[in-house]
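None of these values were measured; they are calculated from a predicted model. Residue numbers count from 1 along this sequence. In listed order, ligands and their atoms are each counted from 1.
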Amino acid sequence: MTEQGVRLQDRRIALGITGSIAAYKAVDLLRLLQAEGADVRVLMTASATEFIGTLTLETLSRHPVDSDVLALQADGRIGHISTAHDVEAIVVAPATAHWLGAMANGLASDSITAACLATSVPVIVAPAMDGGMYAHPATQANVARLREFGYHLVEPEFGPLASGMVGQGRLASLDRIVDATVRALGGAPAAVAGAPTGAVSQSGAPGNSASAGSSRTDLAGRHVVVTAGGTAEPIDPVRFVGNRSSGKMGIAIAEEALDRGAAVTLILGNHTVEPPAGAHVAHAETAAEMEAALRALTPPSGPRFDVLVMTAAVADFRPHSPSAKKVSRSSGMTLEMVATPDLLAATAERVRTSIGASGARRPVLVGFAAETGSLERAEEKLRSKGVDLLVANDVTEPGSGFGTDTNKVTIYSSDGSSEELPLMAKREVAEFLLDRVAVRLAAIVGESAALAETN
Ligand SMILES: Cc1cc2nc3c(=O)[nH]c(=O)nc-3n(C[C@H](O)[C@H](O)[C@H](O)COP(=O)(O)O)c2cc1C
């Protein structure tokens, strides 16, 4: 994983994406490079555009994507030549077997090989493919040739592959690719407290610092997942059982995390405010969809995030048998409800199991509990759900809870402490909370570094 701080501040980097099934991971890689302060422009092979759309990459990078070696830029310049001269490093991830072969032989039939041939800046290459393809002598010879060019190879990892088989071919972890890029550029500029975070969305005013000494970049290089909004459990195709959640609290946390340099995934149910432009948004309407999104982020190989904050108001019950057709008034309606799974407890459990099996670093888990009348159940919830922090509020208090721009919360911690905060703007609550999260994360990173040294 990356160290804390911004290590690629204002560095101009080209990200080359080729036609591998791992191309979807390049979107997160782009966000991580940006979170390190880099200005990233994207080059793609024609095959890569079959795997992921240029619109996503143009939106996130804020540059046109160069996916046609024969197309001129709007100003008449030749794309790959101007890239070759403008950038300070080219990162090719994922790199296909085909691309390695083309590059090893100097065949400039796509924008990435053409730019690499025309440049003298460091080139970082992260191959991804089936294990057999990677082991083939032709591929190995091409990899060796690229090393002779002085390229920085980030070896693929051993593990389950898209084919269903197991082998060495999985794209290296994105942290390893970012680290290799930092190294290829000769190390890191020192992290600047309070510095802006490059191309990462800067949504909203940060407000007063919630605690003295909190750095504005203390989540740089981290992946923060936030669930927000309310679920809607279908009764029939037009009606649902829902709740009053606006999504404001979770969205404020997503904005704050982006401002601190994190890559943010927002798993979003029904909401009344716009999510921040810089977040990756996964829409999840029902408890089941939210569960599926969380499952995808907590595979047996370990959680794919550093921080999970679950603010979403997930239905505790759903209609047992939603009707496929609109129920007419004349037929009347009696709803039989069934309990939905407890997503917070289940996700925390899945995280524990996966880190136990994989040795992955544990993330910081934060739950939210909306109570009515008193917070006396909160400490028990913290323990039973197995989270690091539980943020509880009494939604019946004025200015606190659903739909409001303010909140009055108490933060319970697994170390036994609790902090009762005054009524404040949701964005300020987010700032306070992420201060506490950043401290926990730094402790966890320190623990794993110490463990790695002793092993
Ligand atoms: C679904 C699918 C997944 C693929 N994944 C990979 C892959 O991970 N690595 C690889 O080397 N080739 C992969 N291929 C084959 C490449 O897409 C193919 O060789 C293509 O010509 C590569 O073009 P490019 O190197 O110009 O991007 C895949 C093909 C398909 C249909």
Side-chain angles (χ1 to χ4, degrees), residues 13-30 40-58 61 64-71 78-81 83-84 87 90-119 123-147 149 151-174 176-177 180 296 299 301 304:
I13 292 177
L15 173 60
I17 307 171
T18 71
S20 155
I21 191 66
Y24 72 94
K25 297 182 182 173
V27 178
D28 279 343
L29 178 58
L30 166 69
V40 185
R41 65 190 60 190
V42 175
L43 314 174
M44 295 172 86
T45 62
S47 310
T49 63
E50 300 280 326
F51 288 84
I52 47 170
T54 53
L55 179 61
T56 304
L57 296 155
E58 292 189 332
S61 71
V65 167
D66 181 358
S67 58
D68 181 352
V69 71
L70 298 181
I78 301 170
H80 58 274
I81 301 296
T83 300
V87 300
I90 300 178
V91 180
V92 188
T96 56
H98 172 259
W99 185 85
L100 297 173
M103 192 66 238
N105 289 285
L107 303 178
S109 59
D110 65 81
S111 302
I112 313 171
T113 40
C116 288
L117 287 171
T119 198
V123 177
I124 300 95
V125 179
M129 66 201 69
D130 162 75
M133 288 170 81
Y134 191 65
H136 195 282
T139 309
Q140 288 302 309
N142 291 330
V143 167
R145 186 85 182 111
L146 263 50
R147 286 193 206 278
F149 297 161
Y151 288 6
H152 304 261
L153 264 292
V154 189
E155 288 282 345
E157 291 174 3
F158 189 90
L161 301 163
S163 58
M165 293 191 285
V166 171
Q168 187 188 3
R170 284 170 66 84
L171 182 69
S173 79
L174 303 185
R176 281 181 58 213
I177 301 172
S301 54
R304 298 199 167 137

Atom 25 (O) of ligand 1 sits nearest the protein heavy atom T96 OG1, 2.5 Å
- Query: For I21, is at least one N or O under 3.5 Å away from an N or O on ligand 1?
  - Reply: yes
One finds that the ligand 1 atoms under 4.0 Å from a non-hydrogen atom of A97 are 10 (C), 11 (O)
closest protein heavy atom to atom 15 (C) of ligand 1 is G19 O, 4.1 Å
task = Let me see the working for L146 and L100 under side chain to side chain contact (heavy atoms under 4.5 Å, CB included), right down to the final yes or no.
result = CA-CA 8 Å; L146 263 50; L100 297 173; 3.6 Å; yes
The atoms of ligand 1 lying under 4.0 Å from a heavy atom of M129, numbered in the order shown, are 7 (C), 8 (O), 9 (N), 10 (C), 11 (O)
Donor-acceptor under 3.5 Å (T18 side chain, T96 main chain)
yes
Side-chain donor or acceptor of S67 paired with backbone N/O of M44 under 3.5 Å: no
- T83 side-chain N/O to G79 backbone N/O, donor-acceptor pair under 3.5 Å: yes
At under 4.0 Å between heavy atoms, what of T45 touches ligand 1? The answer is side chain
Could you say whether the N/O atoms of M133 and ligand 1 ever approach to under 3.5 Å? no
of all protein heavy atoms, closest to atom 19 (O) of ligand 1 is H98 CB, 4.0 Å
Among all the protein's heavy atoms, is there at least one whose distance to atom 3 (C) of ligand 1 comes out below 4.0 Å? yes
Quick note on ligand 1: atoms under 4.0 Å from a heavy atom of A128 include exactly 7 (C), 8 (O), 9 (N), 10 (C), 11 (O)
Hits for ring-ring contact (aromatic ring centres under 6.0 Å, His included) against F51, two or more places apart or cross-chain, chain-then-number order -> none
The side-chain contact (heavy atoms from CB on, under 4.5 Å) partner of L30 among V91, L174, L15 is L15
closest protein heavy atom to atom 20 (C) of ligand 1 is S47 OG, 3.7 Å
Open item on the list: Polar contacts were defined as any N/O atom of the residue lying under 3.5 Å from an N/O atom of the ligand; does this apply to T18 and ligand 1?
Closed with: no
Check: Would one find more than 12 heavy atoms of other residues, nucleotides or ligands at under 6.0 Å from atom CD1 of I52?
Finding: yes
Query - Side chain to side chain, M103 and C116, heavy atoms closer than 4.5 Å - result: yes
Tell me whether R176 is salt-bridged to E157, with the criterion being a basic N under 4.0 Å from an acidic carboxylate O. yes
Does ligand 1 come near enough to A48 that some N or O of the ligand is less than 3.5 Å from an N or O of the residue? no
When distances are taken from atom 29 (C) of ligand 1, the protein heavy atom at minimum range is F51 CZ, 3.9 Å
So does G19 get a backbone contact from the side chain of S47, meaning a donor-acceptor N/O pair under 3.5 Å? no
The closest protein heavy-atom partner of atom 6 (C) of ligand 1 is S20 CA, 3.6 Å
